[in-house]
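The model shown is predicted, which means the values in this text are computed figures rather than measured ones. Order of the sequence lines sets the chain letters (A, B, ...), proteins ahead of strands, with each chain counted from 1.
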Number of protein chains: 2
Amino acid sequence: MTEVTRELARWVAASQFETIPAAVRQSGVRSLLNWMGCAVGGSAHETIDLAIRALAPFSGPGQATILGRKERFDILNAALINGMASHVFDFDDTHLKTIIHPAGPVASAVVAFAEHRRVTGAQLLHAFILGVEVECRIGNAVYPAHYDIGWHITGTAGVFGAAAAIGKLLNLDEQKMIWALGIAGTQSSGFREMFGTMCKSFHPGAAARNGMAAALLAEQGFTSSNRVLEAPRGFAHVMSTSRNFDEVTRGLGEVWETALNSYKPFACGIVIHPAIDGCIQLRNEHGLKAGDIARIDLKVDPLVLELTGKRTPQTGLEGKFSVYHSCAAAIVYGAAGEKEYSDAAVRDAANIALRDKVHAVAHDNIAEDEVFVRITLKDGRELDKHVEHAIGSLERPMDDHALITKFNGLARDVLPVAKADALREMCWKLESLQNAGDLARAAAHD
Amino acid sequence: MTEVTRELARWVAASQFETIPAAVRQSGVRSLLNWMGCAVGGSAHETIDLAIRALAPFSGPGQATILGRKERFDILNAALINGMASHVFDFDDTHLKTIIHPAGPVASAVVAFAEHRRVTGAQLLHAFILGVEVECRIGNAVYPAHYDIGWHITGTAGVFGAAAAIGKLLNLDEQKMIWALGIAGTQSSGFREMFGTMCKSFHPGAAARNGMAAALLAEQGFTSSNRVLEAPRGFAHVMSTSRNFDEVTRGLGEVWETALNSYKPFACGIVIHPAIDGCIQLRNEHGLKAGDIARIDLKVDPLVLELTGKRTPQTGLEGKFSVYHSCAAAIVYGAAGEKEYSDAAVRDAANIALRDKVHAVAHDNIAEDEVFVRITLKDGRELDKHVEHAIGSLERPMDDHALITKFNGLARDVLPVAKADALREMCWKLESLQNAGDLARAAAHD
C-alpha cells in the first residue's frame, strides 16, 4: 500500500510558499478574514464566557490573545477558545465537498502560535493554506461515509490540519511531520450528536489545541505510528466505513482545496439563503420599505419548509429556523447577520407584522440554492426575482465587498469601529506583515 | 429506549461512600497503590521527559505535582503527564473483561485535582471507585467489538471515568453529571495503531485531562447532548459495531467492577507470566542459583512462542518479548520488574548464559495462564513445577505483600527509600487522610 501519511507529510514539510498560486493565497487571505470576523463576533457568546470561566484557573502564561476580549491565555488554551468562538454562530466557512469548516481548527492554532514564536504574515498564510489542504484532503478521502456514521468532520479532520500547520511553522522534517499527524490523529474526535449544544463549537477549538500540541510534541521527538491515515487500525479504517486514499495524495500542489472554500452571507442554515438573497435584492433594487408590502410569496425547495418552517419564532435561535422571520428581516434590515437573529429582532413588532405576510410553497423542481420571490405591493404592483444560485454558493461566491460587510457586522459589534476596521485592513495585508503576532494583538479588546 | 446516560449520571451523583462495601473500598485502595507505584516508577522515562519539555512552556500555575519529579504543573497538565507515566511501562492494572487499564485515566485526574480543591482521602477514594465503575461498565457495553475495530479502550472509555470521578468531587447534580459525561464522550479517542509508540501511554493521560476538563466545564453549565452513550450518533453506535446497554446500568451499586481489577506482577506481556512465576517459585523453594542449573524446560501455551519467542534480545524492550530472558532473569534476580528488563540486565553475561539453557515447547492443551516447568540441575536432579494459574490472575490475585514488593521495586528506583516507603504507607491509609492532596505532594521528588 502507498505510504499515504508519509507522502502527505513529505509534501507539507517540503512546500515552498512561492509555489502557491496567487489566487490560492488570496483564497487563504479571504478565509482568514472571514474566520477573524466570526471569532471576534462570537467572542461575547455565553459559550465562550463559560469555557473561559471553567479553564482560566488552569491556563498557562498570557502568551496569546482571546480575540475580541481582554483575557490572555497560553497558546494552547487560546487556540481552544478562539476556535470555539469562530464556530459558535455557525457562521464560519464551508468546504462544500465535505462540509468541513476549514478555518476554525487551523487559523485558531496558527494565529495564537504567532504570538509566541515569531513568524511573518507570509509564513502564517503558508501554514494556514497547508493546514486547510491537509484537513480537506483527509476529509475528501472519507466523506460522506465518515460523516454519516456520526462524526463531526470539522473536529475529526481538523485536528490533522492544525498539526500540519503548526508543524510547518515549527519547520518539522518529514519524520516529525509524520509524528505530528499521528499524535493528532489519535486525538481525532467529536460526535454530531452534540449539534445543538455548546459542544458543537468545542470541536474545532479542541482540534486546534490538540493539533497544535501534537506538533509541539513531535518537535521534541515524541513518536507515533508512521501510518496514522492508512494503517488497518488507523484513522480511515477505524473512523470510516469507506475511504479513498487517492483523495489525500493526488495532485498535491496542483489542485487546491483552499480555493474551494465558501462563506455564508447569512447567519442561518444554508437552505434559506436563496430566499433571503432574493428579498434583499428586491429591497435594494426598488428601495422597498416594510410598510409598502402587502404580501411576499416564495417558491422554495421542499427542504426549506421541512427545516425552517417555524411560523412564530420566539427567540433569536428559533428565528434561524424560520424562513418567515428571515425574509421579513431581509426587508426590514437589509441583512441577515447575527444581529438580525437576536431575541430583540425576532420580537420586533415591525418584523412580526411583515413575517405574517410571507407565504412559502414547496416545489419539487426547485434546486436547493434556488428560489422564486414575488413581492406584491400595497399599490398592486408585483415585483419578481428568480435567484438561480444564492449568494455564497460556489457559482456566486461572496465578493470582497460582501465579505467586508459581513466582517464589519460581526467585528464592530464587539470591538470599537476604528479597531475593527484596522483589524480588517491588517487581515487583507496578511502576506506582507513582518510579525504575524500583530494580528491577534490587534483583535484584543482594550 | 432507556435513558442510559441519565441513569448512570444519576447513580454517580447520588452515590454515598458509606454504601460501598468494605471489600470494594479495599480493592480501590489496592488499585490506587499499584497505580502510584507505576506512575512514580514511570516518571523518569524518556516519554515523560519529552512530553514535559514540549508542554512546560504552556502549563498553568504549579498547582499539582508531577509524581516522582520536581516539576509542578496545572492540574490538567499534571493529570496528562501522570497518566502517561502510569502506563509507560505497560505495568499498570487490568480489568480483564475489557482489558481496560482502569486507574490511569481516573487516578491521574483525582490525585492531581486533590492538590487544587481540598478533598478528604475518603472522598478521593469514593470518586476513584465511581470513575472506575463508569469506565469499566461503558467498556463492558461495547467490548470486544469496540476494541476489535481498533480503539484503545483505556483511552476511549477512560475519559468517561475521569469525568465522572471529577464530577463527583465537584458535587455535580444529575444534569451537570450528564453534561460532564457528554463533554467527555465527544473527546473519546485513541487508536490501537499507536501501540509500540509513545502515543500509547499518551492515551490514558489525555483521557484523564480531557475527562477532568469535561467535569470543570459542566460545573459552569457548559452543555452537551443528554444521551452521549445511547443516541444513534452517540458513543456506543459511532464507536462500536455492537453494544449492550444493560452492562452500563444493571446492578449499579450491587456489582462492582472495581473488585475485578487485577495487577501485573511482572513488567512484560501477560503470556509469559506463568513461566516466570514457576521459575521464581522453584528458585525460592530450593534456593537455586544460576550456576546450579543445567537446563530449563517449559511446556507452554502456543501464544508464548508466537509473541515472546525472541532468542537473543539485545535491548530491555526486546527482553520483554523473550521468554528465554524472562526465565533466566527470574532465576538470577528472583524478579521480573522494570529493572530486570533494563538494557543492562538483558546484556548481563550471567543472564545470557542461563537463557541459552531455556527450552520452550508449545502444547495445545495448555491454558494461557498455565505452565509446566522442569529445571534439571547439574547434579542430575529434576525439579518440577506445574503452575495452574499464574500469579496476578483473578484465580490467584497478587496479595498485599506482592503489591508492596512491586511498589517498592518501582518507587524506590525513583524516590529515596524512606520517601517511597512513606508514600506507600500513605496510600494504604488513603481512606483516613484528612487532605488527599498530601498524597501527590508525598510523591514529589525533592
Chain A heavy atoms under 4.5 Å from [X]: which part of the residue, side chain, backbone, both or neither?
X: B/Glu219; result: neither
X: B/Leu217; result: both
X: B/Asp49; result: neither
X: B/Phe195; result: neither
X: B/Ser224; result: both
X: B/His116; result: side chain
X: B/Ala206; result: neither

For the residue pair [X] and [Y], establish whether any side-chain heavy-atom pair is separated by less than 4.5 Å.
X: B/Trp179; Y: A/Met198; value: no
X: B/Met239; Y: A/Trp151; value: yes
X: A/Met194; Y: B/Val228; value: yes

_If only side-chain N and O atoms count, and only distance matters, is there a donor-acceptor pair under 3.5 Å linking A/Glu193 with B/Ser225?_
yes
Can you tell me which of [options] forms the most heavy-atom pairs within a distance under 4.5 Å of chain A?
options: B/Gly196, B/Gly185, B/Pro232, B/Ala218; result: B/Gly185
options: B/Lys200, B/Gln187, B/Glu46, B/His203; result: B/Gln187
options: B/Cys199, B/Gly190, B/Ala51, B/Gly182; result: B/Cys199
options: B/Asn77, B/Ile75, B/Thr156; result: B/Ile75
options: B/Leu50, B/Thr197, B/Thr186; result: B/Thr186

*Tell me, side chain or backbone of A/Leu76 under 4.5 Å from chain B's heavy atoms, or both, or neither?*
side chain
*Checking heavy atoms, do the side chain of A/Thr223, its backbone, both or neither come under 4.5 Å from chain B?*
both
*Is there a side-chain contact (heavy atoms from CB on, under 4.5 Å) between B/Ser188 and A/Ser189 once you walk through the steps?*
CA-CA 6 Å; B/Ser188 178; A/Ser189 55; 5.9 Å; no
*If you look at every heavy atom in A/Phe58 and B/Asp74, which pair is closest and at what distance?*
O-CG, 3.3 Å
*For B/Ile149 and A/Val238, which heavy atoms make the closest approach, and how far apart are they?*
O-CG2, 3.4 Å
*Say you draw a straight line from CZ of A/Phe191 to CZ of B/Arg227; how long is it, rounded to the nearest 0.5 Å?*
13.5 Å
*Mind checking the CD-CZ spacing from A/Gln220 to B/Arg53? Nearest 0.5 Å is all I need.*
5.5 Å
